[in-house]
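As structure tokens, the structure follows; a few thoughts come after it.
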Amino acid sequence: MKETVANASADTPFSPEYAAAYLNKSVNTLQYMRCHNSNAITYSKTGGHIVYRRKNLDAYLDKCEKKCTSNF
């Protein structure tokens with residue numbers, strides 16, 4: 001699943017299962033982030049289904065980058 005997302009175009013929508021695999025997180029974690037975290041990954045809700053675009057998953061990973069552990 002992770003490779004499918006990594007090889008897709010930036011605007012390709014993915015289910016929470018694929019997004020979770022790409023981020024090495026659980027589907028439950030993504031659900032929690034949608035409900036409780038204002039800095040959650042941007043997602044779309046279409047017809048009652050949640051989808052994540054690869055560009056938003058990459059943007060989330062970019063926000064998580066750190067250069068030094070002493071800054072925590």
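Residue indices begin at 1 and follow the sequence shown.
Annotation: side chain of E17 is in contact with side chain of V27 (closest heavy-atom distance under 4.5 Å). Annotation: side chain of K55 is not in contact with side chain of T42 (no heavy-atom distance under 4.5 Å). Residues I41 and L23 meet the side-chain proximity criterion, which asks for heavy atoms closer than 4.5 Å. Looking only at side-chain heavy atoms (C-beta outward), Y22 and D58 come within less than 4.5 Å of each other.
The shortest heavy-atom contact between A20 and S26 is CB-C, 3.8 Å. Looking at every heavy atom in both residues, R53 comes nearest to P13 through NH1-CD, 3.8 Å. Nearest heavy-atom pair across P16 and I50 is CD-O, 3.3 Å.
Both Y43 and M1 are members of a single hydrophobic cluster when ILVMFWY side chains are connected at heavy-atom separations under 4.5 Å. The same ILVMFWY cluster, assembled from side-chain heavy atoms under 4.5 Å apart, contains both Y52 and L61. In this structure, V51 is not a member of the same hydrophobic cluster as M33, with clusters built from ILVMFWY side-chain heavy atoms closer than 4.5 Å.
More than 12 heavy atoms of other residues, nucleotides or ligands lie within 6.0 Å of NZ in K63, so this atom counts as buried by the packing criterion. More than 12 heavy atoms of other shown residues, nucleotides or ligands fall within 6.0 angstrom of atom NE2 in H36.
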Stepwise side-chain contact (heavy atoms from CB on, under 4.5 Å) test for R54 and V5: CA-CA 7 Å; R54 203 202 78 217; V5 179; 3.6 Å; yes
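Taking CG of N56 as the start and CG of D62 as the end, the distance is 11.0 Å to the nearest 0.5 Å.
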